[in-house]
Colleague: 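After the structure tokens below, expect a handful of questions from me.
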Amino acid sequence: MKNFVALLTDFGAGDNFVAVMKAIILGINPATTIIDISHDIARHNIKDAAFLLMSSFSYFPKGTVFLAVVDPGVGSNRDAIAVKTKNYFFVGPDNGILSLAAGKDTIEKIVALEKKGFFLEKVSSTFHGRDIFAPVTAYISRGTPITRFGKHLKKLKEIIFPVPRIQGNTLEAEIVYQDKFGNLITNTTKEQFLNFVRGKKFIATLRNKRINKIYSFYAQAKNDEPFFIEGSFSFLEISLKNKNAAAYFGVKGNEKIKITIT
Amino acid sequence: MKNFVALLTDFGAGDNFVAVMKAIILGINPATTIIDISHDIARHNIKDAAFLLMSSFSYFPKGTVFLAVVDPGVGSNRDAIAVKTKNYFFVGPDNGILSLAAGKDTIEKIVALEKKGFFLEKVSSTFHGRDIFAPVTAYISRGTPITRFGKHLKKLKEIIFPVPRIQGNTLEAEIVYQDKFGNLITNTTKEQFLNFVRGKKFIATLRNKRINKIYSFYAQAKNDEPFFIEGSFSFLEISLKNKNAAAYFGVKGNEKIKITIT
Amino acid sequence: MKNFVALLTDFGAGDNFVAVMKAIILGINPATTIIDISHDIARHNIKDAAFLLMSSFSYFPKGTVFLAVVDPGVGSNRDAIAVKTKNYFFVGPDNGILSLAAGKDTIEKIVALEKKGFFLEKVSSTFHGRDIFAPVTAYISRGTPITRFGKHLKKLKEIIFPVPRIQGNTLEAEIVYQDKFGNLITNTTKEQFLNFVRGKKFIATLRNKRINKIYSFYAQAKNDEPFFIEGSFSFLEISLKNKNAAAYFGVKGNEKIKITIT
């Protein structure tokens, strides 16, 4: 059966880090097809990587092996792990990066990567993506059971994905990701939002600017009028037609936003 | 027979948009090979995408399926289409993005994408690249005839590619694209240019700066001397040796340039 | 046997230059798998490309064909060459770009690319990556012996990789590359360094700032304290924990650094 490997890192495409990992994977499993999720995660931003992985994995063919490496602790005593879930495999450092995706697909087994026979001969202290994770990923894609890599672990390190909170007539949402268009992705689904507002008018305030519209598609919006929309990540996003909402609001990184029924 | 899919979007490589489209394509047709043309088209710049597609398609193996998505009207009532040309297939929104390439290869058939059985189960109003175009592209690459996707359309929306105009001893060219090196690609071929100047001297003026040389290769030019050259797109380009001509001239986007025989 | 092609250029991913080369390669050899090393080499920086190629090739499966194009002299009288080494093939302009990698793997044969039957029908003076190098690369990946492309050459143009120099109690190292994280890669291996300092204290000075620590992995370092570390390229690097060392030191491009035993 055709087998796929997907890569997600903060290594960038300008150096040779990603290429070297691919070379190693294809050397071990020449028949696999490798798909890049992204290599442009902001340096060491484990949260963004975990969010992207969670938002991506279910579109891939069953059996895909996901290798995610954002790894500020490389060389220290953090564990390296492989996870078997209901439909997929996940490989990476045990720093939370795999937890949102693996948790969503139901974790079946977690192992520590310990058996050196599966690593490159020389293992550095700075690039486990190449020396440990790439070869292990390739072996999994070839069918090696993850139990052969090392001891069983009871759980992996988890990142908490914030849930929207409702108090009275206010819903407190949180911005969890910003895409390249400047759309601000929240932690709140359209369903959660609609169940909350129930057809009434609402006002949301972010950095002293207001949002009081929700649209179904971009072309509905007026120019320079910020709005909510159910975006590509299946969450409500704050958008600005043909413009960069993050720049408009002056928002960087995670931030809370209160939506009040009026 | 080995089959190829080529992708062209303004989605960027930093988020997971492109990866998710690839995942869906490979899930439906695991044997296809996907080639990225570019994902760095400036946001919503349909013209640039149409130009790049026109300049690229003929180098690909016959039968390649091109999926091009720059889609500011996603979710509105613009059509989604598939086009069969003499040698290729093109898929995308009906906003002109496919028209230059498809027109050049001779259009044989155009259909609207309507049959939901070929789409993802849930179709969003913000990401048809994933929900409609990716699966349809994959089915075409597997051999599904495009007539199965929906009703026949008589024509597609067209973008006009400007033609150079000659009046007396002046040729009015137009800059239609700027590449990453800052070369300014015009709408005029070397043949058109040479037929016009017929060995005489010429002066072109762009933003108060002059060009009066044409070279065959970059190393012929002096430093800091702008010149015309037949570039990679088979059109005359305005270049500056080892430098960025767009920055030198202060040019952004399309602009006209008059070339006068002296 | 499965065959691989690896690409390294300064063409960027935003235009269609790389895509067109891939289209031509896959048209000639549909079964090959293409791996991007990088397309973000700074414009015309042959040295950076040669360094990345040298640092990458040995991780690839034997028989991989490397196509490296950073080619300011395209169209002039510089040779186009193919090189067979002990385990690999290298294709590109004869401007030094191939020399560090090919030299490291032991050169067996060098030929000039002359036989037009292996090129595209129309060869431009501005894009040999497409017109000459891509098709030749594809033919090599299909098994065509390089001797069929043209006459034997005795040697290729070489880039000199600087060696660290020891004088008394000072080692003069040189920064040869900067990665996307801002790590400054030197020409000195950890072994060379340790043999030099032999357990004594040392001070290195770069732009009036000091380095007097060497660590095994990033997490050992304190914040805002620059240090040496054996990095991913198997050379000592100058790093700053979670920060950009190049920005900290204000270093651009190659620069010498003196390490003195105290």
Side-chain angles (χ1 to χ4, degrees), chain A residues 1-8 10 12-13 18 31-42 48-49 51-64 66 177-183 185 190 215-221 229-234 236-237 239 241-244, chain B residues 2 4-5 7 9-36 38-46 69-78 93 95 120-135 138:
Chain A
M1 209 198 76
K2 183 71 187 175
N3 207 297
F4 298 96
V5 163
L7 302 181
L8 175 64
D10 64 351
V18 174
T32 197
T33 293
I34 302 174
I35 300 148
D36 297 303
I37 297 179
S38 171
H39 300 291
D40 292 345
I41 299 292
D48 271 7
F51 177 75
L52 267 197
L53 191 60
M54 175 183 82
S55 306
S56 309
F57 79 90
S58 64
Y59 294 101
F60 282 74
K62 287 186 183 187
T64 295
F66 294 90
Y177 187 75
Q178 176 187 327
D179 74 14
K180 88 137 195 173
F181 298 110
N183 296 314
I185 291 89
K190 192 177 181 179
Y215 292 124
S216 295
F217 54 92
Y218 299 115
Q220 287 179 313
I229 189 166
E230 185 184 32
S232 311
F233 296 98
S234 303
L236 274 197
E237 301 180 6
S239 281
K241 190 181 173 184
N242 298 341
K243 289 201 177 156
N244 190 306
Chain B
K2 183 71 186 174
F4 298 97
V5 163
L7 303 181
T9 77
D10 64 351
F11 294 162
D15 300 307
N16 67 347
F17 306 132
V18 174
V20 163
M21 293 201 304
K22 290 180 179 174
I24 288 163
I25 292 169
L26 290 166
I28 294 169
N29 185 3
T32 197
T33 293
I34 301 174
I35 301 148
D36 297 302
S38 172
H39 300 292
D40 292 346
I41 298 293
R43 185 176 188 175
H44 294 170
N45 195 328
I46 297 167
V69 193
V70 175
D71 195 9
V74 62
S76 69
N77 62 356
R78 65 105 186 87
N95 60 17
L120 290 205
E121 224 164 294
K122 193 196 162 200
V123 172
S124 74
S125 298
T126 52
F127 194 6
H128 288 183
R130 174 191 65 195
D131 306 332
I132 295 179
F133 296 126

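This is a predicted model, so every value here is computed, not measured. Lettering follows sequence order; numbering is per chain, from 1. The basis for the numbers below is simple: all heavy atoms, side chains too, and nothing from hydrogens, waters or symmetry mates.
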Colleague: If the plane angle is over 60° it's perpendicular, under 30° parallel, otherwise tilted; pick one for A/F233 and B/F17.
Modeller: tilted
Colleague: Under 4.5 Å heavy-atom distance to chain A, tell me which part of B/S124 shows up: side chain, backbone, both or neither.
Modeller: neither
Colleague: Identify the two heavy atoms, one from A/K243 and one from B/R43, that lie closest to each other, and give their separation to 0.1 Å.
Modeller: O-NH1, 2.9 Å
Colleague: Measure A/L53 against the heavy atoms of chain B and call it side chain, backbone, both or neither at under 4.5 Å.
Modeller: neither
Colleague: Roughly how far, to the nearest 0.5 Å, is CG of B/N16 from CE of A/M54?
Modeller: 10.5 Å
Colleague: Counting only heavy atoms closer than 4.5 Å, note whether B/D131 contacts chain A via side chain, backbone, both or neither.
Modeller: neither
Colleague: Which bit of A/D36 is near chain B, if near means a heavy-atom gap under 4.5 Å: side chain, backbone, both or neither?
Modeller: backbone
Colleague: For B/K122 and A/E230, work out which heavy atoms get closest and say how close.
Modeller: NZ-OE2, 3.3 Å
Colleague: Can you see which heavy atom on A/P61 is nearest to which on B/A23, and at what distance?
Modeller: CD-O, 3.8 Å
Colleague: Enter the distance from A/F217:CZ to B/H128:NE2 here, rounded to the nearest 0.5 Å.
Modeller: 9.5 Å
Colleague: Does any backbone or side-chain atom of A/K190 lie under 4.5 Å from a heavy atom of chain B? Answer side chain, backbone, both or neither.
Modeller: neither
Colleague: For A/S216 versus B/S125, what's the shortest heavy-atom pair and its separation?
Modeller: O-CB, 3.0 Å
Colleague: Chain B heavy atoms under 4.5 Å from A/N242: which part of the residue, side chain, backbone, both or neither?
Modeller: both
Colleague: For B/L120, is it the side chain, the backbone, both, or neither that has a heavy atom closer than 4.5 Å to a heavy atom of chain A?
Modeller: side chain
Colleague: Looking at chain B, which one of A/S58, A/S56, A/S239 has the largest number of heavy-atom pairs inside 4.5 Å, strictly under?
Modeller: A/S56
Colleague: Where does A/I35 contact chain B at under 4.5 Å (heavy atoms): side chain, backbone, both or neither?
Modeller: side chain
Colleague: For the interface with chain A, which of B/G14, B/P72, B/G73, B/G27 has the highest count of heavy-atom pairs at distances below 4.5 Å?
Modeller: B/G14
Colleague: Using non-hydrogen atoms and a 4.5 Å limit, figure out which bit of A/F57 sits close to chain B: side chain, backbone, both or neither.
Modeller: neither
Colleague: To the nearest 0.5 Å, tell me how far B/D15 CG sits from A/F51 CZ.
Modeller: 9.5 Å
Colleague: Heavy-atom distance under 4.5 Å to chain B: side chain of A/Y215, backbone, both or neither?
Modeller: neither
Colleague: Please report the shortest heavy-atom distance between B/R130 and A/Y59, naming the atom on each side.
Modeller: NH1-OH, 3.0 Å
Colleague: Please classify the contact between A/T33 and chain B as side chain, backbone, both or neither, with a heavy-atom cut-off of under 4.5 Å.
Modeller: side chain
